[in-house]
Amino acid sequence: MPGFPDDMPFFDEDDAPHGVPSRPAAPAAGASSGGSGIAARAMAARQGSGSAPDYLSGLNPEQRLAVETTEGPVLVLAGAGTGKTRVLTTRIAHILATGRAWPSQILAVTFTNKAAREMKSRIGHLVGEAIEGMPWLGTFHSIGVKLLRRHAELAGLRSDFTILDTDDVTRLIRQLIQAEGLDDKRWAPRTFAQMIDGWKNKGLGPAEIPEGDARAFANGKGRELYAAYQERLKTLNACDFGDLLLHPIRIFRQHHDVLAEYHKKFKYILVDEYQDTNTAQYMWLRLLAQRPKTSSAVQAAEGRARDRAPGDFSPAPAAVTRSEAERTNQETAQPPQAAERPASENKPTQQINICCVGDDDQSIYGWRGAEVDNILRFEKDFPGATVIRLERNYRSTAHILGAASHLIAHNEGRLGKTLFTDRPDADDAKVNVHAAWDSDEEARAVGEEIESLQRKGHALNDMAILVRASFQMRSFEDRFIEIGLNYRVIGGPRFYERQEIRDALAYLRVVAQGADDLAFERIVNVPKRGLGEATISQIHATARALGSPMLEAAANLAESDELKPKPRAALREIAANFARWQGLIDTTPHAELAETILEESGYTDMWKNDRSAEAPGRLENLKELIRSMEEYESLRSFLEHVALVMDAEQNEGMDAVSIMTLHSAKGLEFETVFLPGWEEGLFPHQRALDEGGRSGLEEERRLAYVGLTRAKKNLHLWFVSNRRIHGLWQSTIPSRFLDELPEAHVEVAEGGNSYGGYGNPYGGSSFASGRGGFSAGRQNPYGASRFDSVGSPSGARAARGDQSGSGGGAFSNTYATPGWQRAQQNRTEATSRNWGTRSGHQVERIGYGEVDSGYGAGRGSVKGRVIDGELVAKSVADTPSPFAVGDRVFHQKFGNGNIAAIEGNKLTIDFDRAGQKKVLDGFVTGV
DNA sequence: GGCGGGCCTCTTTTT
DNA sequence: GAGGCCCGCC
């Protein structure tokens, strides 16, 4: 290798202190010289144990192949629960233990912080405590930050740049839109922020975005705005999430010496969840993984790029050169260009060994720009790649696996894997499907099931509730608080997004990085200092005139006579405070400094003087914030953590049920999993269908697959007949995904028998008793309870059967149930209609809001949603309650009473004997 | 400049 | 239903 002798490893500063041997491939030397090298230690352990090292034992042949095929490109297609993480971590351990590379020569990328943490700790278990020596294990974004901090000047930033979160970005864009004289209501800043994010996911800078996209926003000013946004970021010495990838990409392209440095450095690259990489991440990886054969080839390749976009050397707003972006978009079907092909064909010792692990069936981030294509074309990108399939599932029972496999088989365009398990299924429970009346009952029933399991000795930590959308979490939280059940919300309402935390962070950001105008603006008048809009726009103007950050402008302004005495004094004080705090940054421990700042700024006092109910909690949170800062070595690393991680790890020690979205559940597993909300419109989500059509549906199905495969032993699916969406009740029908489950592995676990009678909280005994109400001649207001007897004679039978209490439910499987049949029937009906067309497909577009209008107005109207000629969802609009306030009614359990209030189909009734109860109108009859 | 009430929009998923 | 924003009043 001309120029870069390969036997001169590039060491990180992290490793530098140790007396490292010159060649990592000589582990024995490391051991004898007493180096703290992880390889040395692992080798020692290995030698002690004789033949195959411990860490390899217990791997199946495919896993072992994936671990031991260290050289050349490797793609591991790992189905759910097939030991993917184990393979990744063992592979790293193997590379280290056999002295193939030093920890700092391994680049291991994950998507989430959780996954990174998990990998770190598992590698730690495998090879001892040398994990601090894996400086390049992290998320795409955290590694991006690390790269960018090292080379910030090449991107026109200082190394202390700030990372903006979505909220900051939105505010910034709002300012820009307003500065353009545009209406920020017509052109929502959030929408534009999402557009920019989308472009960045594709690796597009302002110059490269499609003309159509550019025109679509702000009267054709999309491109301008994007460019202005990038400019603004630069003056703020800040970047957004997308920049964390795009800046390094551009740096690599424009400074081949920098890229070569990393080519020399990283001998092994490992990528987790490869199916979720987006175009920008793909470009980033490819730059790092495909080392040109010679350095002149690097120059040639980069020169080519530069020729096409001359002058892009300066950190212009263009994030990547146009030519590069275009090429990537066009080359999907072509093999990579010669210069970029991995060198593997010639000299195995010089290649960079990339190993990607993924599962196309678990690709659930298409909406975020992920390109499943990346995994599908791996073999084209890396000729000669070894492809290894992991199909033996170690996680779930045969029933769960059978259900999941059957479901996912409905998708087209898969690489095709068949999961199998050796587990006998004799004693395992089938997948249970439950129906509930509404989300409250769903939460109540799930809570009771959890408590019942708990009584049987199951730990709450082994249970999880995985929801499609975060709003679903609330009913569970409410219920669990009520019954005193420990739970933990993962990725829920975030600690760092609370007002007081963001305010405090804003102070810290200004201290750490004086150019952070967004942070400055946030707190300049918090607590109130009498600095209103007038003063602030004056600061703005001065900042513009001086070309300086607002803080500096404020300091200047305070010394001038342009302001009235009051604001002038206030500004002077702020400026002096910040100057003082900034002076303390190197001498005071950062947690202490933070406390000082919050005290001296009057921020803590502000909440102390606040008489509102939340104030004490906010003070508590601030204390917690300061406590958590102590774990970080510097203010800057703390702020970086906050920007990237954005979730506070909460009381890990406690035994608690986990509640999280399906997206954040990926990679996790639990004994018992509850999957509520399997209703059309929610799951599959209407918006995914509207915006993604067929592929959107398939992504939803993959999401369902992810959910199902999280369960090891018990899996409970739920759907409700009524769900409150946007504050209004809506009838729902069961998700088509339920239909797609195989009968053999599924059973309906129903009603008031097994779990102590939650079946019908309003009526008392079961759904069946509720039917009594309908027999009085009412139309069934809900479309799809499988206990719905309307329109199906067998339904009445079934309902009676349930009432008789057959434990596991009245139906041997889901599909014989009347409600099911009715749902099917509804579909057929709706499919036969023509709902108008959109882009050639039959589409009836009904947002939730529109359906809502049917409440009370669209009496009895029935609409269907059709996409690609298939019925997608159907909503039976609610029939208004037939009762009126004051009506005298009879309830089977509570007896006679008067209606006190009506809320949708929920009645508040003052019963003569039972007192006031809330009851659904289906369960009472007029007297 | 501050504060309160009312109106409006938006609620899929995340680094 | 819920939070954010705007407007109008003090």
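Reminder, nothing fancy here: chain letters follow the sequence lines and each chain counts from 1.
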Query - Contact nearer the 5' end of DNA chain B, comparing A:Ala469 with A:Asn201 - result: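 Whichever sits nearer the 5' end wins; that is A:Ala469.
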
Requested in this report: Assign each of A:His141 and A:Glu700 to its nearest nucleotide of DNA chain B by heavy atoms, then name whichever residue's nucleotide is nearer the 5' end.
Outcome: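 So the residue in question is A:Glu700.
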
Query raised in the report: For B:dT15, does either OP1 or OP2 sit under 4.0 Å from a side-chain N or O belonging to A:Ser142?
Result: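 For B:dT15, OP1/OP2 do not have a side-chain N/O of A:Ser142 under 4.0 Å.
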
Requested in this report: Classify the angle between the aromatic ring planes of A:Tyr365 and A:His663 as parallel (below 30°), tilted (30 to 60°) or perpendicular (above 60°).
Outcome: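 Rings of A:Tyr365 and A:His663: tilted, as their planes differ by 30° to 60°.
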
Query raised in the report: Between A:His641 and A:Tyr632, what is the ring plane arrangement, given parallel below 30°, perpendicular above 60°, and tilted in between?
Result: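 Correct class here is tilted.
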
Atom pairs under 3.5 Å: protein N/O with N/O of nucleotides 2-5 of chain B:
residue, atom, partner, partner atom, Å
B:dG2, OP1, A:Gly530, N, 3.3
B:dG2, OP2, A:Asn525, ND2, 3.4

Query - Side chain of A:Ala534 (C-beta onward), nearest among B:dG1, B:dT15, B:dT14 - result: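 The nucleotide sitting nearest to the side chain is B:dG1.
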
**Report entry** Proximal nucleotide (of B:dT14, B:dT15, C:dG1) relative to the A:Arg724 side chain
**Finding:**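 Among B:dT14, B:dT15, C:dG1, the one nearest the side chain of A:Arg724 is C:dG1.
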
So, does [X] use its side chain to make a donor-acceptor pair with the main chain of [Y] at under 3.5 Å?
| X | Y | answer |
| --- | --- | --- |
| A:Ser664 | A:Met660 | no |
| A:Arg149 | A:Phe161 | yes |
| A:Asn411 | A:Ile408 | no |

Query raised in the report: Which is true for A:Thr535 with a 4.0 Å heavy-atom rule: it touches a base, it touches only sugar-phosphate, or it touches nothing?
Result: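 A:Thr535: backbone/sugar contact only, no base atoms under 4.0 Å.
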
Report task. Indicate, with a heavy-atom threshold strictly under 4.0 Å, whether A:Tyr365 touches base, sugar-phosphate, or nothing. Result ->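 The answer is sugar-phosphate, as A:Tyr365 gets under 4.0 Å only of primed atoms, P, OP1 or OP2.
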
Query - Minimum heavy-atom distance between A:Leu245 and A:His141, given as atom pair plus value - result: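 A:Leu245 and A:His141 have their closest heavy atoms at CD1-NE2, 4.4 Å.
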
Query raised in the report: What closest approach, in Å, do A:Glu700 and A:Phe683 show between heavy atoms, and which atom pair accounts for it?
Result: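 That closest heavy-atom pairing would be O-CE1, 3.4 Å.
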
Query raised in the report: When rounded to the nearest Å, what value does the distance between P atoms of B:dT13 and C:dG4 take?
Result: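 16 Å, rounded to whole Å.
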
Query raised in the report: Taking side chain as C-beta onward, heavy atoms only, is A:Leu236 less than 4.5 Å from A:Thr162?
Result: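 A side-chain contact under 4.5 Å is absent here.
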
Report task. Please report, rounded to the nearest Å, how far the C1' atom of B:dT13 is from the CD atom of A:Gln472. Result ->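 Answer to the nearest Å: 11 Å.
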
Report task. Round to the nearest Å and state the distance from A:Met660 atom CE to B:dT14 atom C1'. Result ->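 Going from CE in A:Met660 over to C1' in B:dT14 covers 15 Å.
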
For nucleotides 2-10 of chain C, give me every protein contact, N/O to N/O, under 3.5 Å, one pair per line with atom names.
residue, atom, partner, partner atom, Å
C:dA2, OP1, A:Arg474, NH1, 3.2

What are the atom names and distances for every N/O pair under 3.5 Å that joins the protein to nucleotides 8-11 of chain B?
residue, atom, partner, partner atom, Å
B:dT11, OP1, A:Arg190, NH1, 3.1
B:dT11, OP1, A:Arg190, NH2, 3.4
B:dT11, OP2, A:Arg190, NH1, 3.0
B:dT11, OP2, A:Arg190, NH2, 2.9
B:dT11, O4, A:His726, ND1, 3.3

Requested in this report: Before giving the answer on ring pair (Phe, Tyr, Trp, His ring centres under 6.0 Å), spell out for A:Phe111 and A:Phe140 the whole-Å C-alpha distance, their side-chain angles and the decisive distance to 0.1 Å.
Outcome: CA-CA 6 Å; A:Phe111 272 81; A:Phe140 276 103; 5.2 Å; yes

Report task. Count the heavy atoms of every other residue, nucleotide or ligand shown that sit under 6.0 Å from CD of A:Glu118, and state whether that count exceeds 12. Result ->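 Counting other residues, nucleotides and ligands, CD of A:Glu118 exceeds 12 neighbours.
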
**Report entry** Test of ring centre spacing under 6.0 Å for A:Tyr226 and A:Trp199
**Finding:**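 Yes; A:Trp199 has its ring centre under 6.0 Å from that of A:Tyr226.
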
